[in-house]
Amino acid sequence: MLLFEDFRSKLLAALTRAIPNMDGKDLLLDSSGHGDFTLRLFRLIKDMNSTPGEIYNLVLTAVSAEDYVEGAELAASYINFRIKPEKMFSAVTESMSARGQYPDIFQDPERVLVEHTSANPTGPLHVGRVRGSIIGDSLAKLLTRYGYRVSTQYYINDSGKQMIALYEGFLRYGQNSMTPESLLKGYQEIYRAMESDKTIGEDLEKLIQAYEKGDRSIIMKIREIASVMLQNIRESLQQLDIKIDDYVWESDFLMGGDVDNVVHELSEHLNDEDGAKFIETDDGSKVFLKRKDGTSLYFARDIAYHLFKSLNFDWFIDVLGEAHKDHGKNLGYVLKKLLDLDQKLDFLYYGFVSLETGKMSTRMGQIVSLWDLISRTEEEALSIVTAKRQDLPREKLSEISKNVARSSIRFNIIRVNPVKTMVFKWNEALNFEGDSAPYIMYSYTRASSILEKAGDTALNDFRFTDDHEKKLVRSIYLYPYYLEEATKSLRSDIISSYILGLVKSFNDFYSQCQVLNAPEADRNRRISLVKMYRDILDDACKIIGIKNVDEM
RNA sequence: GGGCGCGUGGCCCAGUCCGGAUAUGGCAACAGCCUCCUAAGCUGUAGAUCGGGGGUCCGAAUCCCCCCGCGCCCGCCA
């Protein structure tokens, strides 16, 4: 949980003492520019059979002893509260100097596992799948920032039909070359061949059976192939600074007997259809665990995996593409209703990413791979930064453009609510103006530039008089409220909205208020404010994976 | 056909959970701002029947119902 000077809660407590009918829902962060917090009176007017004026008098009395309240104004059916900017400023500086961060956290004992990406290692990661990686990684960082103990895992589906196809594709068309490129080619080739040659499908069935009977040579070969692809995926993720803590092999659950145990444990709920085993869920849908030939299906193996998760974690969050909604629902049913799992289980689904030309498909070769995206974005960033900063050495330019590219890719994906489908467009991916990562990073470098020139300052007595300063202070101070909301709803995109607002406040301030050339008293206060801004901005940026640089 | 989700200026997006003060920003367009801490910035102009229709309410982008459009799912694939 977050620890900070929470003026909203204090205000609510004070108001509730005077007005017992108060509903916390009516005291909100003000987003209309009238004040810092706002109290909606509609409900109170009705409940108390009173008038805005009468309530306003009660409120004035209630907050008279609250030293952080600067004022309260009645406007239409609202009472707008202004909090002293000096108090908000101190709340942040005191936390920063005492605890090194704002807000501080109280470590939650709950151990959280965020599973994400988990793409079949049949090809390089494409921009559709990487949406899950970026959402998952940011979610893990968000929950960590909130105080949870978080791990991330990638579930490697090395046991299914698709991996068998990859393996067989390699044998037939791979020409003994175990590179991601030739493996992918073999994979695409075999699906093409299968359209005209039905015997291939039968061969794959036999291979699956041999695999599940424990044929070491096949299993190890597939692991080898999967490792090659996985290495490619890991390296591309690393370019976005996404590191997954653990990679869990699906085949381990098969070989270790865990899948058999799952089937055994669920035996009383199993139905039979020609020898195939399925469960009927509460909404009447059939979910198969075993084929009629006795081999296992993904659902059974995923249950085994989740039971494994329960050994070490109290809360699992699976980040999945929306295509897996039913899978998630069924999984939840089996785990919670049939197996009495008491751990918390949440699914975070993200919408499909398509290309302007249609949907992406690894099998069809219709993809923009993460590698394509990274190289083109870096290229674009490099050409821009090179044009703007001819004074910088080549290595510096390259480093900056790498960070710009990485941050842009992450920001463009994380800024959109996960439930929305997206159409990937190059001109949007390569836009570095407006609501973009470089816009944010640029603002950071401006702050850095000031601070580098500023030297040491002492801040004694201070008062904020300038509106731009006040707005910036408020924006910084409100950070925990957004952290709270983002965490509660598992939505990192809320952090990106917050950042854009924060940056806007700073840019306004920057364009209107001189810092270094200001009179001594203003100068010291503003330097502290800039420092505070840079700290909070960077804190928030880390959550969504924007990597700031000191100059660009 | 059934289930789930989405629909906000030409384009992208916030706000919808929890109904309230003139619907948030950006891109593109147009007009301005570098003798001043980095112009990847700032200011201004123009652009919205919040998919459509009903309903509830003092009040609806937000809640309810119907309809339309789009996406995903409805495999002994994952």
Side-chain angles (χ1 to χ4, degrees), chain A residues 23-26 28 30-34 38 40-43 45-46 75-78 80 118-120 122 157 159-163 165 205 250 273-278 283 285-299 301-302 321-327 329 349 351-352 354 359 381 384-385 387-389 404 412 415-417 419-423 425 427-428 431-443 445-454 488-489 493-494 496-497 500-501 503-504 507-508 510-518 526-527 530 551-552:
Chain A
D23 185 334
K25 278 193 295 193
D26 284 327
L28 307 159
D30 180 79
S31 54
S32 66
H34 289 85
T38 189
R40 286 194 303 226
L41 300 179
F42 303 94
R43 209 187 310 259
I45 292 168
K46 203 171 170 185
S77 295
Y78 296 86
N80 298 308
S118 299
N120 287 341
T122 53
N157 306 120
S159 304
K161 197 172 183 175
Q162 295 179 9
M163 288 307 293
E205 299 294 325
E250 189 178 32
E273 189 175 293
D274 302 331
K277 306 292 182 201
F278 69 93
D283 66 7
S285 48
K286 287 182 185 177
V287 199
F288 283 84
L289 279 78
K290 289 217 157 201
R291 295 190 180 87
K292 68 180 170 201
D293 65 7
T295 57
S296 69
L297 288 160
Y298 173 66
F299 190 69
R301 302 193 295 265
D302 208 23
E322 64 178 343
H324 298 81
K325 270 186 185 174
D326 286 343
H327 174 76
K329 201 171 122 199
Y349 299 106
F352 214 79
S354 58
K359 47 172 79 168
I384 292 174
V385 74
K388 287 180 190 292
R389 297 299 302 271
V404 165
N412 281 331
R415 57 179 253 269
V416 180
N417 187 330
V419 305
K420 303 244 188 181
T421 53
M422 298 178 83
V423 177
K425 291 176 187 158
N427 65 335
E428 283 172 10
N431 174 34
F432 294 161
E433 285 168 11
D435 288 353
S436 68
Y439 169 78
I440 294 161
M441 296 171 72
Y442 185 68
S443 153
T445 64
R446 283 172 147 184
S448 291
S449 177
I450 290 173
L451 294 173
E452 196 194 339
K453 298 179 176 92
K488 264 169 49 188
S489 54
D493 58 296
I494 288 174
S496 65
S497 305
L500 288 174
V503 169
K504 182 91 175 95
N507 285 351
D508 285 347
Y510 182 91
S511 67
Q512 297 300 319
C513 303
Q514 281 285 308
V515 178
L516 298 175
N517 304 326
R526 287 176 182 171
I527 288 170
V530 172
E551 56 179 338
M552 65 188 275

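Here is the naming used below: chain letters follow the sequence lines, and residue numbers restart at 1 for every chain. Keep in mind that the numbers below use all heavy atoms, side chains included, and drop hydrogens, waters and symmetry copies.
Across the P atoms, C73(B) and A39(B) are found 48 Å apart, a figure rounded to whole Å. U24(B) and G52(B) are spaced 25 Å apart, taking the C1' atom of each and rounding to whole Å.
Side chain Asp30(A) to base A21(B): a donor-acceptor pair is found below 3.5 Å. Residue Asn427(A) places no side-chain atom within donor-acceptor reach of the base of A28(B), judged by atom type and a 3.5 Å distance cut-off alone. In this model, a side-chain donor or acceptor of Gln514(A) finds a partner on the base of C36(B) within 3.5 Å. Side chain Thr445(A) to base A40(B): no donor-acceptor pair is found below 3.5 Å.
Legend: residues meeting side-chain hydrogen bond (donor to acceptor under 3.5 Å, both in side chains) with His324(A), ordered by chain and number and at least two apart, are absent.
Annotated as anti: C17(B), whose glycosidic dihedral deviates from 0 by more than 90°.
Distance check, rounded to the nearest 0.5 Å: CD1 of Ile527(A) to CG of Leu516(A) gives 5.5 Å. Atom CD1 of Ile440(A) and atom CZ of Arg415(A) lie 10.0 Å apart (nearest 0.5 Å).
Remark: U62(B) base-pairs with no nucleotide; criterion is Watson-Crick or G-U wobble with both hydrogen-bond distances under 3.5 Å. Remark: G71(B) base-pairs with C4(B). Criterion, Watson-Crick or G-U wobble with two distances under 3.5 Å.
The aromatic ring of Tyr510(A) does not stack onto the base of G41(B), failing the criterion of a centre distance under 5.5 Å from the six-membered base ring together with planes under 30° apart.
Aromatic pair Tyr78(A)/His34(A): centroids not less than 6.0 angstrom apart.
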### Query
Reading nucleotides 1-9 of chain B from the 5' end, what letters show protein touch, with B for base, S for backbone sugar-phosphate only, - for no heavy atom under 4.0 Å?
---SSSS--
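Side chain to side chain, Asn431(A) and Glu428(A) fail the donor-acceptor criterion of an N or O pair below 3.5 Å. No hydrogens or angles considered: nothing links the side chains of Thr122(A) and Asn120(A) as a donor-acceptor pair under 3.5 Å.
A close approach under 4.0 Å does not occur between any side-chain nitrogen or oxygen of Arg415(A) and OP1 or OP2 of C13(B). Applying the 4.0 Å criterion to OP1 and OP2 of C77(B), one finds that Arg291(A) has a side-chain N or O inside that range.
Using a 4.0 Å cut-off between charged nitrogen and carboxylate oxygen, Lys161(A) and Glu205(A) count as a salt-bridge pair.
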